[in-house]
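In what follows, chains carry the letters A, B, and so on, assigned in the order in which the sequence lines appear, proteins first and then strands, with residues in each chain numbered from 1.
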There are 4 protein chains.
Amino acid sequence: MEDAPPPAARRRKEARPQEVLEAALDTFVGRGFAATRMEDVARRAGVAKGTLYLYYASKEALFEAVVQAMLGTTIARLEGDLGESPLSAGDRLRAVAQGMAGIIGDPRRAALPKLVIANAGSFPGLARFYYREVVCRGLGLIGRILAHGVATGEFRAIDPTVHARLFVAPVLMGAVWQTTFAAVEETSVPPADLLHAHVELFLRGLAPGAADAPAGERS
Amino acid sequence: MEDAPPPAARRRKEARPQEVLEAALDTFVGRGFAATRMEDVARRAGVAKGTLYLYYASKEALFEAVVQAMLGTTIARLEGDLGESPLSAGDRLRAVAQGMAGIIGDPRRAALPKLVIANAGSFPGLARFYYREVVCRGLGLIGRILAHGVATGEFRAIDPTVHARLFVAPVLMGAVWQTTFAAVEETSVPPADLLHAHVELFLRGLAPGAADAPAGERS
Amino acid sequence: MEDAPPPAARRRKEARPQEVLEAALDTFVGRGFAATRMEDVARRAGVAKGTLYLYYASKEALFEAVVQAMLGTTIARLEGDLGESPLSAGDRLRAVAQGMAGIIGDPRRAALPKLVIANAGSFPGLARFYYREVVCRGLGLIGRILAHGVATGEFRAIDPTVHARLFVAPVLMGAVWQTTFAAVEETSVPPADLLHAHVELFLRGLAPGAADAPAGERS
Amino acid sequence: MEDAPPPAARRRKEARPQEVLEAALDTFVGRGFAATRMEDVARRAGVAKGTLYLYYASKEALFEAVVQAMLGTTIARLEGDLGESPLSAGDRLRAVAQGMAGIIGDPRRAALPKLVIANAGSFPGLARFYYREVVCRGLGLIGRILAHGVATGEFRAIDPTVHARLFVAPVLMGAVWQTTFAAVEETSVPPADLLHAHVELFLRGLAPGAADAPAGERS
DNA sequence: TATGAATGAGGTTTCATTCAT
DNA sequence: CATGAATGAAACCTCATTCAT
């Protein structure tokens, strides 16, 4: 005799919390927290309204669980890419970009930034938490790579804090873009192309070139 | 000779719709459309609940009026910058960046992108409208400058469609950032610094430099 | 020189209360008391909302004034017909019917019964008042004529109280009918025809005929 | 063997919609549609405000359901009486009167005419619908009986269309009367007496008697 | 006297949450 | 565990009434 009879029905039951989370994520992203009704989530998850409360104590708790679940894997992914490596700073930026591409390639994970941005006002703790756990760590990682590149002379002298943000911006924007304008966009650019162009442009811009900037600058 | 006798009380009356719009914008941006209560808007505008309905037929109508009002000035600003000029492509990009800086320097106008992003799900027409009226026109303007620079050899050969997005991303991101993380940010970067660094990095990256990319690899 | 300059503008001013009453009556009859908005009445009367309150202290007061105004003339009319006369009972009933025809011929006056019926629930005093002032007096008048006819042998022996109601019913019904179904009726019967047929039928039915009822049965 | 286990609590649950309808009817009749608050209906039905919306989508929908429910049985009753029979026209009118007495004997059913009359203004479709489904059919039935009586010589020559209305008027009026003046009436006449007197008077009046009308007519 | 912008109490409706089955 | 009928707090919106002009 086996230890348990998980013949399809049981398996479903154990996957419930996960299915609920996914249904909730989709609805929260599509409609925003306030406009999402628990019944919508329940229907999408294929369970009854009351069942949601067996797993999550309230709508807020469900929302936080959604963010946590996404953060968990996102952070893990970032941490994985954080490991030191013998590559050049440029190649390490390329590797980070690859990792980010993987993340925003998964629509479910790409939705997180928008979720945070759209609901930070209603969840005071959310912005702070996301900022500390994701933004700081992400910017820190990139900043360190940039600083290293500057130190070795691979990059020209720039402020790593500032340029870390510049490096991240198109990725974040791309993620938000997808979940907002994808449906109405006429001429769409594949995220992969965008990311590739971004990295090359970025690295060229950092190259310790001759003078300061090409033409007649100042600002 | 005065045109009319506006004795302080009258002036207030005529400014009502505008005051309501500003109060509504602030609240919608802070809490999102659904979580905003009409009473909050009224209190912030210093009027009674019912007064809102003298000017706007419903919460939705108020929201749309807010977006329209912001769009109006934003579009006008963009159109102004659209004028052809004898400057180099690089300097024209710098001018556009200046214009954008002016826009996101006004907190009220900087709030529009977040408003659209956060509520596109609940207002199907909103994303489409904003995309057509602002995104397309903005990207088109920048794309044309880029294409011109490529044609004259001022820039290396890049895809204007793709790089227009890259040019805009940090600006948009900055605007969204401000209204989302400003309160919790530890080490903030002045938007002006960010924008300046961005433009310089961008122009360096576009310079028709020697080889392809500085160091070894490829993606 | 005249005593006052009432050149059309002044005359209008003095007629205001009456115009307001008429506008109110029309609206109350059409929509019911609760569904009538003061602004509707004002617009129909051609005055501003606030002006109504110069003449009537509240919506309820306006409603009561409407009823009073209608009652006044209605009662007066009835009283006029109440005068004793040398006619036969039958001819006096015919005269009363004439009077009623005059009343329900004026759409404004015909509307009163419906107004009372539809709003008696919301105005506890209204039913009582109308019953005392109109119903009782009307039924009393007719009852006395019937009793007189019975006493003189002009009519067979019937209960004047009961038959007074039977005499009034088609008139009331006709008045209510007009303001309720007139717009949707396919085959309408002119009120005058209806009334004439009613009186003749009624008088024939009262004639001290041979047996009890024409044909065989029982009750 | 029982079909199901309805242990007193369950029975209550299934009767909910019906209980709500009855509570709503009573309140609508007493106060009119506009003056009725959903909370009143809920309290009278012994449920919470929100519960009403489980069964009826809106206040209007509830009102229409009330009318429908009443109409259903009323129409059925009328149809039942519509069956051809071998009786004389007079006896068939008596039978119809009996049927009507049954209807207005049930206070709930007697309330329908008043409901329609009082709210036709706010529900444009209501008057039309009621007219077609009840008034036309009722008048048609009676008109056919009258026409038959005229054809067989049982009645004198009258216009069936006109006299059908005269036949119905006291019944309708009685129904409306009950729900409007019952509480304030001093000398009330039992509806049954009224109806009986009406039918006898009506039949006498239709008898193909000697001349036209007894005494000195003409209008 | 007349106006109509402003007010806010009160009504309809929604929906997160509970609990008996 | 799972359900979904029931609840009632809270939000949107209307409109009778007031009052500065």
Side-chain angles (χ1 to χ4, degrees), chain A residues 9-10 12-14 16 33-43 46-62, chain B residues 5 7 9-10 12-14 16-17 34-42 45-62, chain C residues 9-10 12-14 16 33-43 46-62, chain D residues 5 7 9-10 12-14 16-17 34-42 45-62:
Chain A
R10 180 129 200 100
R12 177 113 194 294
K13 214 167 271 197
E14 274 153 10
R16 278 283 161 78
F33 174 79
T36 291
R37 290 175 299 153
M38 290 298 266
E39 188 162 357
D40 295 338
V41 176
R43 189 154 32 228
V47 300
K49 232 185 324 175
T51 306
L52 299 180
Y53 289 86
L54 295 177
Y55 300 112
Y56 307 99
S58 69
K59 192 183 172 186
E60 286 210 2
L62 174 58
Chain B
R10 181 130 200 102
R12 178 112 194 291
K13 200 172 288 186
E14 275 153 12
R16 276 287 156 78
T36 291
R37 290 174 303 149
M38 290 299 264
E39 188 161 357
D40 296 338
V41 176
V47 301
K49 231 184 326 174
T51 306
L52 301 181
Y53 291 88
L54 294 179
Y55 301 112
Y56 307 99
S58 68
K59 193 182 169 185
E60 284 209 5
L62 175 57
Chain C
R10 180 127 200 104
R12 178 114 194 293
K13 216 167 269 196
E14 274 153 9
R16 278 285 160 77
F33 174 79
T36 291
R37 290 175 299 152
M38 290 298 265
E39 188 163 356
D40 295 337
V41 176
R43 189 154 30 229
V47 300
K49 232 185 322 175
T51 306
L52 300 181
Y53 289 87
L54 295 177
Y55 300 112
Y56 307 99
S58 68
K59 192 182 172 186
E60 285 209 2
L62 174 58
Chain D
R10 181 131 200 101
R12 178 114 193 290
K13 199 173 291 188
E14 275 153 10
R16 277 286 156 78
T36 291
R37 290 173 302 150
M38 289 300 264
E39 187 160 359
D40 296 338
V41 177
V47 300
K49 233 182 324 174
T51 306
L52 301 180
Y53 290 88
L54 294 179
Y55 301 111
Y56 307 98
S58 68
K59 192 182 172 186
E60 284 209 5
L62 174 58

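- The nucleotide whose nearest atom lies closest to any side-chain atom of C/Leu54 is, among F/dC13, E/dT1, E/dT17, E/dT1.
- Contact between C/Ala35 and D/Ala34 at its shortest, heavy atoms only, is N-CB, 3.8 Å.
- Residue A/Tyr55 has a polar side-chain atom (N or O) positioned under 4.0 Å from OP1 or OP2 of F/dA2.
- C/Thr51 contributes atom OG1, which lies 6.5 Å from atom CZ of C/Arg16 (distance to the nearest 0.5 angstrom).
- The side chain of D/Ala48 lies closest to F/dG8, out of E/dT7, F/dG8, F/dC13.
- Atom CE in A/Met38 sits roughly 14 Å away from atom P in F/dT3 (whole-Å rounding).
- The shortest distance between side-chain heavy atoms of C/Met38 and C/Leu62 falls below 4.5 Å.
- Between the CG atom of D/Leu52 and the P atom of E/dT13 there is a distance of 10 Å, given to the nearest Å.
- As a whole-Å value, the separation of B/Glu39 CD from F/dC12 C1' is 11 Å.
- Look at CZ on A/Phe33: it is 13 Å from P on E/dC15, rounded to the nearest Å.
- Once rounded to the nearest 0.5 Å, the distance linking CZ of C/Phe33 with CD of C/Glu60 reads 5.0 Å.
- Checking F/dA16, E/dT12, E/dA16 against every side-chain atom of D/Arg37, the shortest atom distance belongs to E/dT12.
- If you find the closest nucleotide of DNA chain E to D/Thr36 and to B/Gly50, the one lying nearer the 5' end belongs to B/Gly50.
- Heavy-atom minimum distance, B/Tyr56 versus B/Pro17: OH-O, 3.3 Å.
- Following rounding to the nearest Å, C/Asp40 (CG) and F/dT14 (P) show an atom-to-atom distance of 13 Å.
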Worksheet item: If pairs are Watson-Crick or G-U with both distances under 3.5 Å, what is the dot-bracket string of DNA chain F, marking crossing pairs with [ ] and pairs to another strand with |?
Response: .||||||||||||||||||||

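- Atom CZ of C/Arg16 is separated from atom P of E/dT1 by 12 Å (rounded to the nearest Å).
- Comparing E/dA2, F/dA5, E/dT13 against the side chain of A/Lys49 picks out F/dA5 as the nearest.
- The side chain of A/Thr51 sits closest to F/dT3 out of F/dT3, F/dC13, E/dT13.
- When the C1' atom of E/dT13 is taken as reference, atom NZ of B/Lys59 falls 14 Å away, rounded to whole Å.
- Contact annotation: D/Tyr53 side-chain N/O to F/dA6 OP1/OP2 distance is not under 4.0 Å.
- The C/Ser58 side chain lies nearest to F/dT17 when the options are F/dT17, E/dT3, E/dA16.
- The shortest non-hydrogen separation linking A/Ala61 to A/Ala57 is CB-N, 4.0 Å.
- Projected onto DNA chain E by closest heavy-atom contact, A/Glu60 and D/Ala57 fall at different nucleotides, the more 5' of which corresponds to D/Ala57.
- If you take CG of C/Leu62 and P of F/dA16, they are 11 Å apart, rounded to a whole angstrom.
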